[in-house]
Structures are given as C-alpha cells and as structure tokens.
> 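Following this message is one structure expressed as structure tokens.
Numbers here are sequence positions counted from 1.
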Amino acid sequence: MSVLLYIITVFFWGMILFYSLLTTAGVKQRSSKQQTIQLEHYPSVAVLIPAHNEGVVITDTLRAMSELRYPGKLEIYLLDDQSTDNTAEIVQEFSSVFSHIHYIPVPDGKPKGKSRVLNYGLHISDSYYFAVYDADNQPEPDALVRLVEAAETTGKAAGAVGYVKTKNMFTNVLTRMIGLEFQVFQLLMQSGRWALFKLGSLAGTNMLLKRAVLKELGGYDVHALAEDAELTVRITAAGYLLPVVANSRTFEQEPEKLRTFIKQRTRWLTGNIYLLEKSLHDFSHWKGKTFFLSIQHLMTYLLFVLLLLVSDVMFVIGLSGYEMPNIQVPIILLWSMSYIVYTSYFLAAIAVDRNVSLANIVFVFIMYFTYAQLFILLLLRSLKQYVWSRLKGTTIEWDKTKRFKQKGQTNEK
C-alpha cells in the first residue's frame, strides 16, 4: 500500500511541476511584446467550414467571414454535410452577394463526421493554405492574416493555430467555467508549450495548415473523432511545427446545458482514447518532440482524471483524520497543494488575459470541486462507449454539438 501511495505521489508532483512550468512559460510568452509582421506576398487561402443543420448560427458566422481582411486570394467554402434545415438557403444568399463565398453540398457517405467533410473540402479546392473554422465561429477580421504571417515566418511550419474564446461566457455557470478552462488550456499552456518546446497543437478551429503537408501525411483520418489532436501528433512526428498565435482570435458558442456539454466532451474524450490506442501501435508517436506531446496527451486525458479521483479519496481520508500506514507526508497536505496549484493556473490565466473580476475569482476557487469533477464521469462514460464499440466491432457515430440561438443574435443577412 505504501509503495502505491509513493508512486501516486511522484506522479502527482510530476504533473504539478510540468503544468507549473508550462503556466510560467505561458505567462512570460503572453506578456512579451508581439512583433508586427508584414509579408511581401500573401499566399492563397481556402477557408473550410464544415456544416450540418447550422441555420441558427450560420448567418452571423458568414457575416464574420465576409469581414475577414486578407491581402491575398481568399475563398470561403461552406461544406454542407446533408443539412435538412435552411442552411443551404442562407449560404446561397450570401454567395449571391459575395463572390468568394461558396456553397458546397457534400455527398453522403460514411463514416460521418468532420474529418470526411474536410477531406472533401480539400478535394474541391486548390489553395496553398487552408484554414478551418467551425460553423458557429466569428473570427476577428485580422485572425486569418495573423495565422498566415506566423506560418510564413516560422521555419518548418505546417501552419499555425490561434486562440478560441467563448462567445457566450457570461450566460450561466457552465459557460463561465468553460470560458475559464479555455483561457488556461486553449491558450496559456499552449503558449507555454510553444515557448519551451516549440510545440503547438491544433484546436479544431481557427487553425491554418499547408495543403502540401496534409497531402504528404495522407489527409485527415476519417475514423478520428478528435481529428485535431490526431493530426497534431502526425504533423509533429513528421518534424513540422505549429506556432501558437495568441493575437489571432475567434469567438465560438459553447454548450449552455449540461446535457449538451456531456455529449460534446464525451466525443472529445472518446476521440482522444482512440488516439491513445493508436499511439500504442505507432512508435513514431514517442520519438523526439512527439514524445512530449504524447506524454502530455496521456496526462491530460487519462492520468489527470484518474489522479483527480485519487485526490478526492485523499481529501475524504484527510478530513476523516485516518492515518495511512508507512507514508511520511500528510495526505491532506498533498491534496491542499494540488488544489492551490490548480487554482493558481486559472488565476494566472485571467490575469494575463485581462479578465480579472470578483465573479471570475470566485468561480476559479470552486472549479476544482465542481467543474473538474465532471471529468471523472466523462472519462468513465467515454471509456465505456469506446470499449463497447471495440467489442462489438462498430464505428462510433459523430455526435454533433447542438447549436442554439443566442440573445441578440441575428437570423437574417
């Protein structure tokens, strides 16, 4: 028993040290002055937007896309994957006004999902770069040009990845916590990892890729539910870089209901379990810089959640006053330190993102007891779904996140 506790303690402190280093480096990188870059030539870009029944959000998305400022050739493709609502009608109205916005119906096929649709989008376009945005995204006008400038001025870059902010962060408790989570994991730690290891990871949206690199890698894996994480590993294993561009920002809609959130995150976690299994069979995922990426992936999507469960047990044991045999460190001290460090990540993130408020600070202090605990249930749900599908030999269907109309949102062009 004591050996197990010591192993858990070493893992615990290893994770805390690693994430503390990322956070510190992220704060330093975010606080440094951003250099202004201008290119002599801006290569062609195709913006790919996978869509399925997006009628309630697509008007605002296309309006934001029409306002993108890009000095080079820019074509925007709305890839309609068998929508049955008014998505096609809205996009075609935009196409009649803006010649660079195109409505592309995607032929039916299997497996369903974003990866297959993106492969089709690459098939019908011919730009030097392509960018991916989700159908509920509203990038800032200079978001795309910032990505291209970073990719063009970084040696061996396969593209670039920007920052995804929560558009409806202040709607309710859930969206506030999602927004805070994104500030830490979508940007602060991304920035730290780029500063320390020159490692970036695709976020699934607000991301730019060089077409030739994806062709070299064989396109998207159509079975990957977390296509961004899967592709990031292959890009890194091939020796390419993905610079993180904090001043390229897009705003997206996050789930406002717990049921929608659970379905979305189950898909994400299931996709990452698929990637973990794939990594076990591919030695290239554990070489060079990819090793750090795979280790962090393992820690984030498996060990973190399991150790979170252990910390809960420690918390209960510590409060009960029960003394564990043959271990010199008080259990409640270990738990307290992990809580303090976890909270510090979030406080650092809101400070750097200039988002400090009394409400945000209160939420930061309760997230470990509430939001973080949800991930134990999510991991168990995802493992059950994944193992069951493997035993039955079936393909897990793509579970699209349900969109909704927000207050003040427009529905006409």
Side-chain angles (χ1 to χ4, degrees), residues 21-22 24-48 68-74 118 122 127-133 139-164 185-217 220 227-250 284-285 287-294 296-297 352:
L21 284 173
L22 292 187
T24 304
V27 170
K28 185 178 178 183
Q29 203 265 354
R30 289 289 320 280
S31 302
S32 61
K33 189 175 180 180
Q34 301 290 322
Q35 290 184 339
T36 302
I37 304 168
Q38 281 199 328
L39 306 176
E40 292 184 4
H41 169 70
Y42 284 82
S44 59
V45 179
V47 170
L48 305 181
L68 283 173
R69 291 195 294 262
Y70 187 68
K73 182 180 179 183
L74 174 64
L118 288 173
L122 290 170
S127 58
Y128 186 77
Y129 283 107
F130 70 94
V132 178
Y133 285 98
E140 292 181 336
D142 60 355
L144 183 61
V145 75
R146 297 282 176 257
L147 294 177
V148 173
E149 288 166 347
E152 285 288 290
T153 54
T154 303
K156 201 64 178 170
V161 56
Y163 181 19
V164 183
F185 295 101
Q186 283 274 3
L187 186 60
L188 189 61
M189 290 194 179
Q190 271 262 51
S191 298
R193 199 173 52 195
W194 174 251
L196 288 176
F197 308 114
K198 287 290 178 283
L199 276 171
S201 58
L202 301 172
T205 186
N206 199 24
M207 49 175 267
L208 180 83
L209 284 172
K210 200 173 287 182
R211 177 184 298 270
V213 171
L214 199 65
K215 185 176 180 182
E216 174 190 329
L217 298 177
Y220 280 93
E227 83 293 337
D228 46 351
E230 194 278 338
L231 185 55
T232 296
V233 171
R234 280 193 288 145
I235 286 173
T236 307
Y240 292 106
L241 301 180
L242 291 166
V244 177
V245 190
N247 60 1
S248 168
R249 307 195 306 174
T250 189
S284 70
H285 290 193
K287 292 167 60 179
K289 289 185 177 181
T290 320
F291 174 81
F292 295 100
L293 202 62
S294 295
Q296 190 185 353
H297 187 242
V352 173

> Got a sec, which pairs hit salt bridge (charged side-chain N to carboxylate O under 4.0 Å, His left out) with one end in residues 186-203, sequence neighbours left out?
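Found none.
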> List in chain and number order the residues that pass side-chain hydrogen bond (donor to acceptor under 3.5 Å, both in side chains) with Ser284, two or more places apart in sequence or in another chain; answer none if no residue qualifies.
Asp282
> Please list, chain by chain and in numerical order, all residues satisfying side-chain hydrogen bond (donor to acceptor under 3.5 Å, both in side chains) with Ser294, sequence neighbours excluded.
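Applying side-chain hydrogen bond (donor to acceptor under 3.5 Å, both in side chains) to Ser294 gives none.
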> Under the salt bridge (charged side-chain N to carboxylate O under 4.0 Å, His left out) rule, collect the residues that match up with Arg249, sequence neighbours excluded.
Glu140
> Give a yes-or-no answer on whether the side chains of Asn206 and Tyr133 include a donor-acceptor pair shorter than 3.5 Å.
yes
> Residues in side chain to side chain contact (heavy atoms under 4.5 Å, CB included) with Thr24, at least two apart?
none
> Which salt bridge (charged side-chain N to carboxylate O under 4.0 Å, His left out) pairs, counting each pair once, include a residue from residues 231-248, with sequence neighbours left out?
Glu230-Arg234
> With sequence neighbours excluded, what pairs up with Val161 under the side chain to side chain contact (heavy atoms under 4.5 Å, CB included) test?
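Only Gln190, Ala203, Val244 meet the side chain to side chain contact (heavy atoms under 4.5 Å, CB included) criterion with Val161.
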> Do Trp194 and Pro243 have side-chain heavy atoms sitting under 4.5 Å apart?
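They are in side-chain contact.
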> Quick one: list whatever passes side chain to side chain contact (heavy atoms under 4.5 Å, CB included) with Ala229, sequence neighbours left out.
Ala226, Asn272, Leu275
> What residues form a ring pair (Phe, Tyr, Trp, His ring centres under 6.0 Å) with Tyr128, not counting sequence neighbours?
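Expected list: none.
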> Does Lys73 reach the side chain of Ser127, with side-chain heavy atoms less than 4.5 Å apart?
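Counting from C-beta outward, Lys73 and Ser127 never come under 4.5 Å.
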> Just to verify, what does Ala212 make a side chain to side chain contact (heavy atoms under 4.5 Å, CB included) with, not counting sequence neighbours?
none
> Suppose we screen for ring pair (Phe, Tyr, Trp, His ring centres under 6.0 Å). Which residues come up paired with Tyr42, at least two apart in sequence or across chains?
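Tyr42: ring pair (Phe, Tyr, Trp, His ring centres under 6.0 Å) contacts with Tyr70.
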> Keeping the roles fixed (side chain from Thr232, backbone from Ser201), state whether a donor-acceptor pair exists under 3.5 Å.
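The answer is no, because no donor-acceptor pair under 3.5 Å joins these two groups.
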> Of all residues at least two apart in sequence or in a different chain, which pass the ring pair (Phe, Tyr, Trp, His ring centres under 6.0 Å) check with Phe291?
none
> Do Leu214 and Leu231 come within less than 4.5 Å of each other through their side chains, counting heavy atoms only?
yes
